[in-house]
Amino acid sequence: MTQEQWGELKKELLKSVGSNSYKNWIEPLEFDGVTDGIATFSVPTSFLGNYVSRNFGELILYQMTARSPEVKRLNFQVAANTTTRPTTAAQPVTKAAQNPVDGFLPAAPLDDRFTFDTFVVGKPNELAHAAAKRVAEGGPVTFNPLFLYGGVGLGKTHLMHAIAWELQARRPDLNVVYLSAEQFMYRFVQALRDRKMMDFKQMFRSVDVLMVDDVQFIAGKDSTQEEFFHTFNALVDQNKQIIISGDRAPGEIENLENRIKSRLQCGLVVDLHPTDYELRLGILQSKAELFGAQYPDLHMDQGVLEFLAHRISTNVRVLEGAMTRLYAFASLVGHQITLELTQDCLADVLRASERKISIEEIQRKVSDHYNIRLSDMIGPKRVRNFARPRQVAMYLCKQMTSRSLPEIGRCFGGRDHTTVMHGVRRIEELRAQDGQIAEDLELLRRTLES
Ligand code: ADP
Ligand code: MG
C-alpha cells in the first residue's frame, strides 16, 4: 500500500466515520508503510493508538485488505518525536496497557464499560453526575479540584473513567492521566529508588488533566502526601483540571495533612449517596437489557427486578454480581428467571444484605415516621419534637448497623459519640417504660428490614 492509496482510503474513512471522528482519530494517523503484512501507523499518543485500534481497527483493516490483500494486521506506535511532552517513555498516560508501546509505563487502563452512556442517574448521584459531565466537557476550568466521594461500589471509579473517556474523545489534544492514589505512590517510590525524581515531577507536571482515584490511600503515607501536595499545587497554579475521588469527605479522611484537606475542599466537593430503591431499579433494568442481549432465551420478570431492588444492598457492585450470577445460573439450569429461582440462587447474598442497612436509610425512615424533615433530624435543634426521633434513629443505627458510635455521631451532623451513647441509653430506658416507643421501634425495624 502506497501513501497515495492511504490518502484515498482516508477519504473512504471520512465517509464511514463522519467528519468529527475523522478529525479526532483518523487525521492524526501517519501511515509508515507495510512490512511483513503489518501496516504500521505513527500516532501522537498511545491513547490515540489504542482508541483507534479498538474502535476503527477492523474498519481500517477491512478497507486496507480490499486494496492490498498483503495486509494482515495493523500496528500503532507512538512517534518518538511528535509529542510536546518531555519523553513518551515518561508518560503515565491513562490507558490500554493492553498493547504497551515501548517504554510505556503500565498505567491504569480505562474500563470500556465505564462511560456516561452506561451510568444510570438517580437522585442519589445526580449532582456528582452533573459535575462529572461538566468537567468532561473540557471547557475552562471552573472548579478545581472536583472531589467525588462516597461509599464503596457507588460509582466513583465509573464516573472518573467516564470523564476520562469523554475528555479523550472531545479533547484529544489534552494529556489526561487517570491513576489510583496507590499507583501514584508506587510511581513515586519507584522514582525515588531509581533516582528519577526529576522525571517524575516533570511527567506529572506536564499533565493537562490529572485524575487520582481513592485518595484516602495516601493517608498516613507522609512523603507520598508531600509529593502529591506539590504536584497538586503545581497543576492548580497552571490552571489544569484535577479530579479526585475518596471514600469520604476530605475533612473526614484521617491522617491526611490539613493543608491537603483544605486544598481538596477548595473546589467542588460532591458526594454519591447510597443508592435508593428507584436508582437500584434503574440500574437493574439497564443491566437486564444488557444481559438480555447476551442471553436472548432468558426472560426476567419485572417482579424479580423489583424484588432485587428492594432486597439487595446499596452497593451497585453487589447488585451487578447478583445479576451475573442469576443469568449464569438460569442459563445453566435452563430455567426462566423467576422469583423462586432468584431466592434459591441468591440465598447467601440476600441473607448478607438483610443486615446491611445504612444510617441514611434509618434516618430517612425515622423522619418519615415522625413526620419531620431529614434536615431537622440531623440538624442542631434540640426541641423534643426533633430530639426524640433523633434518638430513636441513633438507637436503630446502633442496633441495625455495624457502625461505631463516633461514626454514627458524624452522620448526625457531627455529634459527639457521647451524645449518641446518651441517646441510645435513653431509648433503651423508654422502650421498657413507654408502650408507644416500643411500638414505634418495632414498626420501624420491620419496615427497615423489609
Ligand atoms: P466505587 O469506585 O465507588 O467503589 P465503582 O465505580 O467501581 O464504585 O462501581 C461499582 C460497579 O457498579 C461498577 O461496575 C459500576 O459500573 C457500577 N455502577 C455504579 N454506579 C452505577 C450507576 N449509577 N449506573 C450504572 N452502573 C453503576
Ligand atoms: Mg473505585
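The basis for the numbers below is simple: all heavy atoms, side chains too, and nothing from hydrogens, waters or symmetry mates. Note that ligands are numbered from 1 as they come in the structure, with each ligand's atoms numbered from 1 the same way. Starting from 1, each residue takes its place in the sequence as its number.
- By the 4.0 Å N-to-carboxylate-O rule, D376 lies close enough to K381 to be salt-bridged with it.
- Metal site remark for the Mg ion (ligand 2): T157 contributes an N, O or S atom at a distance under 2.8 Å.
- Taking the six-membered ring where tryptophan is involved, the planes of F204 and F200 are tilted, since the angle between them lies from 30° to 60°.
- Put simply, the side chain of R171 gets close to the backbone of G138: a donor and an acceptor are under 3.5 Å apart.
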Tabulated below should be the N or O atoms of ligand 1 paired with protein N or O atoms at under 3.5 Å; can you produce that?
unit_1	atom_1	unit_2	atom_2	d
ligand 1	2 (O)	T157	N	2.9
ligand 1	2 (O)	T157	OG1	2.8
ligand 1	3 (O)	L154	N	3.3
ligand 1	3 (O)	G155	N	3.1
ligand 1	3 (O)	K156	N	2.8
ligand 1	3 (O)	K156	NZ	2.8
ligand 1	4 (O)	G153	N	2.7
ligand 1	4 (O)	R317	NH2	3.2
ligand 1	6 (O)	K156	N	3.4
ligand 1	6 (O)	T157	N	3.1
ligand 1	6 (O)	H158	N	2.7
ligand 1	7 (O)	R317	NH2	2.8
ligand 1	8 (O)	G155	N	3.2
ligand 1	14 (O)	E320	OE1	2.6
ligand 1	14 (O)	E320	OE2	3.0
ligand 1	16 (O)	H158	ND1	2.7
ligand 1	23 (N)	V120	O	2.8
ligand 1	23 (N)	N125	ND2	3.3
ligand 1	24 (N)	V120	N	2.8

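- Proximity of a side-chain donor or acceptor of N315 to a complementary backbone N or O of R317 within less than 3.5 Å is detected.
- Under the 3.5 Å distance criterion, the side-chain polar atoms of N233 are left unmatched by any main-chain donor or acceptor of H230.
- How far CG of L448 is from CD of E361: 6.5 Å, rounded to the nearest 0.5 Å.
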